[in-house]
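The next block holds one structure in the form of structure tokens; read it before the comments.
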Amino acid sequence: MEAARRPPLLLPLLLPLLAAVLGAAGRGGPGPVTCGSVVKLLNVRHNVRLHSHDVRYGSGSGQQSVTGVSAADDGNSYWRVRGRTAAVCQRGTPVRCGQTIRLTHLGTGRNLHSHRFTSPLSGNQEVSAFGEAGEGDYLDDWTVVCSGTYWVRDDEVRFQHTSTDVFLSVTGEQYGRPIHGQKEVHGMAASSQNNYWKVMEGIFMQPSEAFQMEQYHTEL
Amino acid sequence: SAAAVLAGPRSFPLIAFLSPISPHLFPLAPFPSHLPPIPVPLPLPSLSLSPHGRRDFYKILGVSRGASIKDIKKAYRKLALQLHPDRNPDDPRAQEKFQDLGAAYEVLSDEEKRKQYDAYGEEGLKDGHQSSHGDIFSHFFGDFGFMFGGNPRQQDRNIPRGSDIIVDLEVTLEEVYSGNFVEVVRNKPVARQAPGKRKCNCRQEMRTTQLGPGRFQMTQEVVCDECPNVKLVNEERTLEVEIEPGVRDGMEYPFIGEGEPHVDGEPGDLRFRIKVLKHPVFERRGDDLYTNVTISLVEALTGFEMDIAHLDGHKLWKKGEGLPNFDNNNIKGSLIITFDVEFPKEQLTAEQREGLKQLLKQGSVQKQRLLGHGGIWEWFLMALVVPSLPPHGTSLEKLPPLLRSVLREDGNWGRKGLSVSMTISVPFSSDMELGWAVEEEGRRGWCQEKFALRTRGFGVGASNWEG
């Protein structure tokens, strides 16, 4: 570790710098999204948040539906960031670009899921919420596609379904009753402006100290 | 961990630490609701004018001069709950003590200020206080804005409330043992005043209109009230969740007002629910810790030394090594270590077995109990040769004692044969042969059979035979 080799006199100078890094969480902005965090995801193009609820699809798989809602204050739009199926991602571990994760719906305990069923409005691939108490199957795995090393909070990132390669997307189709006004969320193979998502509100577990030390070394 | 720093162009409050109310102290309302809300504390006077120029901040917080940030945070939270003027209505100095506490925390939790204070004392601090103590306190215990100048929450249950958010907080057993602080950033929409009016409390109403004499029409209409306009703005603040030592699965740490907002009412709460993760070495049962240690047979026989590292890294060999009790951290559970002896897997030759018997000078435990003779072979032959077997239907009590001890208690025999079962404890063995002789008197006369039993390790191989 580099710090051990630096002369001790520099430490009083280094500590405030370290504190500044921690306070600003990296130069110029917020820090990375970490495992254990609970987040809301906004589709940038259509301005809706990823959402789920205890309402099932009337067609396709009949599983719990996943939609996009325009309200910013809905408690059912929270998703927990976790490691891939059968793996453990420790609380506070930053998510890397290219890493596989699961998104577990906070209210119902089901995982963001996709499979080869057709979505009801647009005919793309259906995206549902599946599993019990956070445990589903490997079709719950999604890869975070972004540039850079880590998934940083202000970034616009894409989620690619690990098994079928489709991107989590919204193209604007709207549902009628009983979920009037909510938009369809589905998987699409083609990449476009519709695939980009940004983390908004949430409860963010700060990166563990080990990561913060690492960041500090790479920046200096 | 270093304190979250105040520098930076961001607009959120300067020192931002939020801490929950300890669940075991305040299950519902943090302060008695019948007391009037406390007045807004005055901002602390700048230090150069303060009459309390020489306060010992370390003493106020009750920490040593070398205390870590973690200790300081812990001390502040504990004392802030105790010293709050609402909790001490009879103490005329309560407000003063409380403000001293806030000042002490503000200085000692800041790297820079603490250094200045250590070197030059309170008078040597360069800047005056930038935030009022009211600010610091409200950041520690949730969004208690309503307490300062507003109505206490508990009085009006009709105000609509945003939803609560419950977040599972996974903690390791190490954190349960030593305690920890988890830093969390809460980004949430907050309802702020906006210019103009908006429609609120919209509802459907039936309107009756008269079309003519005796003819009416009923229509449904949406009717709204007018309210001040509100817009949702995202705001961020840092919260600190304390994992108290001894905390149990399912305990919750609430942060009042940090849940989802409600445009027509109050925000809901954010609650962290503790989930203790399984540990690879220690198993928790209540406040006790269980662990298994495997040692070899040689170690079991010849003694051994080993270091077992506890959850915080210290080596142990004494009582009181379990987890701290949540309600009283000074009481600790027990550490129970189970030693599993691993027997060697190789077979011993007859010479080696003789050698071991000589070396250990320990004959069979069984024979010592029953007959006092040497040698396992003899014992079996003697124990089981009985002159006659009882006729069918004899009760167990009538049997000679020796035979009774080897019979199964349920006295299960019939004309066809005698079922015998027996448990043999072998102090140590490696591939031993046991002989077993049975004599039986039946209508056909005596018969004698010998069965060989092979033991491997410390398990018995065959155990059922009928003669």
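Protein chains get the first letters and strands the later ones, always in sequence-line order, with residue 1 at the start of each. This one's a predicted model, so the numbers in the text were calculated from it and none came from an experiment.
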Counting the benzene-type ring for Trp, do B:Phe272 and B:Phe255 have ring centres under 6.0 Å apart?
yes
Name the one of A:Asp155, A:Asp154, A:Val33 that satisfies side-chain contact (heavy atoms from CB on, under 4.5 Å) with A:Val199?
A:Val33
With the threshold set at 4.0 Å, does a side-chain nitrogen-carboxylate oxygen contact exist between B:Asp249 and B:Arg273?
no
Note: A:Asp137-A:Arg102 ion pair, threshold 4.0 Å (strictly below)
no
What part of A:Ile203 is in contact with chain B, defined as an atom under 4.5 angstrom from a non-hydrogen atom: side chain, backbone, both or neither?
both
Where does A:Asn76 contact chain B at under 4.5 Å (heavy atoms): side chain, backbone, both or neither?
neither
Could you have a look at B:Ile166, B:Asp168, B:Leu232 and say which one has the most heavy-atom pairs with chain A under 4.5 angstrom?
B:Asp168
Measure distances from [X] to the heavy atoms of chain A and classify the residue's part below 4.5 Å as side chain, backbone, both or neither.
X	answer
B:Leu270	side chain
B:Val182	side chain
B:Asp164	neither

Using a heavy-atom cutoff of under 4.5 Å, enumerate the residues of residues 37-55 of chain A that contact chain B, numbered in order, or state 'none'.
A:Val38, A:Lys40
Hydrogens and angles aside, do B:Tyr253 and B:Glu244 bring a side-chain donor and acceptor to less than 3.5 Å of each other?
yes
Within 45° of the ring axis of A:Phe204 and under 6.0 Å from its six-membered ring centre, is that where the NZ or CZ of A:Arg153 lies?
yes
Taking only residues two or more places apart in sequence or in another chain, which ones pass side-chain contact (heavy atoms from CB on, under 4.5 Å) with B:Glu226?
B:Lys197
Testing A:Phe167, A:Tyr196, A:Trp151 one by one against A:Phe159 for a ring-ring contact (aromatic ring centres under 6.0 Å, His included), which residue passes?
A:Trp151
Is any side-chain heavy atom of B:Leu239 closer than 4.5 Å to a side-chain heavy atom of B:Arg237?
yes
